[in-house]
Amino acid sequence: MFEAVGRFMFRRRRWVLAGAGVFVVAAAVWGTGVFGSLGGAGFEDPGSDSARAAQQVKRVFGRHQADVVVLYSSPELTVDDPAFRIPAQRTLGALPRRYVAKVTSYWDTGAPQLVSANRHATYAVLELADADGDARQDALAEIKDEVAAPGLTTKVGGTVAIDHDTDTQVAKDIGRAESLSMPLLLVLLVVVFGALAAAGMPLLVGGLAILGAFTALRLLTTVTDVSVFAINLVTMLGLGLGIDYALFVVSRFREELAARPPGRQGVQDALVRTVATAGRTVAFSGLTVAISLAGLLLFPQMFLRSMAFGGIAAVLVAMAGALTVLPALLAVLGPRVNAGSMPWRRRRPDQAGGASGGGWTRIARSVMRRPLAHAAVIVVALIALGLPFRNVAFGGIDARALPAATESRQVSETLDRDFTRNATTPITVVISGADAAGLRGYTGRLRAVPGVSAAQITQTKGATSLIAVRYHADPMSPRARQLVTDVRAVQAPTGSRVLVGGDTAELADLLASLGRTLPWMAALVGLVTFVLLFLAFGSVVLPLKAIAMNLLSLTASFGALVWIFQQGHLAGLLGFTPTGTIEATQPILMLAIALGLSMDYEVFLLSRVREQWDRTGDNTTAVATGLQRTGKIITSAALLLAVVIGAFSTSGITFIKMIGVGMIIMLLLDATVVRALLVPATMRLLGRYNWWAPKPLAHFWDRHGHREHSQPAVPAGPPLVPELPAAADRPTPADHR
């Protein structure tokens with residue numbers, strides 16, 4: 001099948017490139033409009049008790065949100081002084097009602113929680129008129145200058161301001177990441193390829209993947225909500241995997257081209273062979289990454305589902321570009337792919353992976369001679385790195401995820417420090433169907449719950465009442481989540497219906513939802529990955545080993561994240577505020593991405609190993625030659641991807657920074673320690689059993705497996721390590737199947 005694709009791309013190369021040009025123009029004009037169509041964070045579970053509570057409040061009482069918090073303060077004046085009170089009241093009273101539906105202030109209510117402990121500050125709560133999230137942000141922009149009171153220090157916070165600051169920071173981070181990564185990527189690509197023409201093609205595929213994914217996301221926004229944070233993943237994976245896949249394809253094309261006589265037929269043969277080998281690898285890799293990300297669709301949270309949408313779109317467009325547009329471009333260029341060669345490029349492309357593989361040959365020999373020692377040391381080291389993960393504490397996201405200089409974060413921190421704790425974010429209890437006596441008794445029982453500082457009825461309409469339960473604990477802490485559980489356990493009046501909501505309840509429900517769904521995601525991704533790797537290599541041992549080693553490297557990466565972000569050891573260097581927890585959705589997102597990317601390198605390495613195994617039937621030679629011919633490319637691909645993802649470690653949003661740092665650690669561990677050392681060591685230990693499958697599955701793979709039967713153009717070269725004296729690597733007839 002892939003050979004046919006290669007021939008088609010060669011024959012229709014100009015039509016393919018013309019179609020790609022039209023697509024790029026359309027995507028650049030229409031697809032980039034996705035930025036104006038994205039929604040908020042989307043971390044809540046729509047089917048949870050807290051979500052139903054919020055819906056009930058909105059249905060009965062209307063919108064009941066502290067959209068904007070305006071903080072007024074003065075070092076000399078108190079809220080009781082006319083010079084403080086009069087300008088603040090005049091300013092709040094003059095706010096345009098087409099934007100502001102309701103204003104709640106200390107002077108209107110006399111509520112003590114609206115005044116700071118030293119009485120030099122107060123805040124007003126604004127409920128905006130429009131229910132649409134984008135419209136509320138537009139309203140905030142309209143009134144931002146009008147809320148400033150003369151003679152007072154004014155700062156603006158609240159949920160709408162935090163959302164606005166988050167969106168602004170995301171756009172800023174993307175621009176900075178691209179400005180940092182693109183020049184460095186271009187330099188590294190020139191170093192890796194040694195030629196300007198070849199170095200430019202991975203960037204073209206990466207750009208195509210980003211624009212294509214933007215277009216797919218904009219189409220999705222017409223039928224469902226998509227979180228703004230999906231843009232970050234699209235940029236990371238689109239550019240990163242586009243470069244990875246193009247690196248695989250271009251490297252193989254140059255290798256095949258160098259082994260053939262010049263001329264049009266040589267170019268066609270090289271392209272067909274490239275698509276049949278590297279293209280096949282890219283296809284399996286892309287499907288594996290996409291399926292890993294598809295596991296996120298099992299979660300009800302819009303954030304995770306949006307990451308799945310964006311990631312899958314980026315991966316599939318990158319894969320399609322590497323299988324269509326890139327081969328067509330290579331067909332047009334032919335030998336000119338080496339145009340602009342650098343002075344240091346003295347060896348021919350085919351020699352880079354030949355028998356004289358230099359450093360990779362020496363690594364292969366060392367690993368193959370002492371496989372047990374290498375495997376034991378690496379496994380122990382990875383387990384040691386993962387030990388901090390035993391103490392992981394999952395939490396949520398609050399304003400501390402933003403940079404410390406952000407105004408909305410400063411307002412949030414001031415409210416926590418100087419005012420009644422959680423005044424704007426109480427636990428909300430919605431009770432329906434209770435009579436007056438039952439309601440009084442229930443409210444009294446809520447006040448008696450340990451940790452509750454106050455419980456009062458704030459609104460009643462018909463048979464439904466809203467009770468605000470106040471407490472002093474950090475709303476993201478395990479203590480606060482336990483308080484939600486205790487409140488839910490309070491006996492409700494006979495015949496009534498109780499729903500418990502609020503920020504802390506949303507976090508508790510989020511953690512419970514993630515815990516329920518994660519095993520199903522892991523099972524789905526593991527099963528599909530196993531099937532794909534079996535179809536690619538005809539073995540049941542290699543998929544199981546690959547999954548086990550990926551989990552090992554992931555555990556080490558997660559341990560490092562706990563040490564860095566939860567315990568805060570590198571907070572000063574990386575510029576974030578540790579909260580003592582890890583945001584719960586990020587490890588799940590990283591799990592999906594990392595499993596996919598790990599399989600990316602696994603497929604690329606094992607594809608070359610399988611080629612040699614089919615040719616020689618000698619496992620030792622196959623593994624060593626496979627490592628020799630892919631070591632440089634895999635490490636180069638990982639380095640380039642680390643540059644792309646690592647640029648996001650400069651993000652001002654803590655959990656995006658955590659993804660960037662975590663993925664750098666995972667990539668470097670996986671592409672060097674695991675892929676270059678642990679995989680060859682374990683394959684050397686297993687010998688011919690690497691390729692074992694039960695007879696029914698072996699016969700199935702003989703008929704339906706995706707093996708390339710044509711002979712490779714590049715000579716395999718002599719074995720890199722001595723033959724085993726035992727028969728461990730000696731294939732049987734069944735092994736050759």
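Because the structure is predicted, anything quoted here is derived from the model rather than measured. Starting from 1, each residue takes its place in the sequence as its number.
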Looking at W15, I'd like to know if its CH2 atom is crowded, meaning that more than 12 non-hydrogen atoms belonging to other residues, nucleotides or ligands lie closer than 6.0 Å.
no
Side chain to side chain, L330 and M201, heavy atoms closer than 4.5 Å
yes
When you measure from the side chain of R13 to the backbone N and O of F10, does any donor-acceptor pair fall under 3.5 Å?
yes
Note, V674 side chain near L552 side chain (heavy atom, < 4.5 Å):
no
Looking at F604, is its backbone amide N or carbonyl O close enough to the side chain of R608 to form a donor-acceptor pair, meaning the two atoms are under 3.5 Å apart?
no
Would you say that L189 contacts I243 through its side chain, given a criterion of any heavy-atom pair below 4.5 Å between the two side chains?
yes
Strictly distance-based, threshold 3.5 Å: is any side-chain N or O of N690 a donor or acceptor partner for the main-chain N or O of M683?
yes
Reported CH2-to-CZ distance for the pair W691 and F537, which is rounded to 0.5 angstrom
7.0 Å
Residues R280, E611: salt bridge by 4.0 Å N-O rule:
no
For L554 and M666 the tightest heavy-atom approach is CD2-CG, 4.4 Å
Where the side chain of R615 meets the backbone of Q612, is there a donor-acceptor pair that is under 3.5 Å apart?
no
To the nearest 0.5 Å, what is the distance between CG on L333 and CG on N338?
10.0 Å
Residue pair A213 / G310: nearest heavy atoms and the distance that separates them:
CB-O, 4.4 Å
Determine yes or no for a side-chain-to-main-chain donor-acceptor pair under 3.5 angstrom, with R252 supplying the side chain and A278 the backbone.
no
For F248, is there any backbone N or O sitting under 3.5 Å from a side-chain donor or acceptor partner on S251?
no
Begin with the C-alpha distance, continue with both residues' side-chain angles, and end with the deciding distance and a verdict on salt bridge (charged side-chain N to carboxylate O under 4.0 Å, His left out) for D614 and R610.
CA-CA 6 Å; D614 286 342; R610 180 79 215 198; 3.0 Å; yes
How far does CG of L271 sit from CZ of R7, to the nearest 0.5 angstrom?
10.5 Å
Just so I know, are the side chains of L219 and W30 near enough to count as touching, which here means a heavy-atom distance under 4.5 Å?
yes
Can you confirm whether L591 sits close enough to V525 that some side-chain heavy atom of one is under 4.5 Å from a side-chain heavy atom of the other?
no
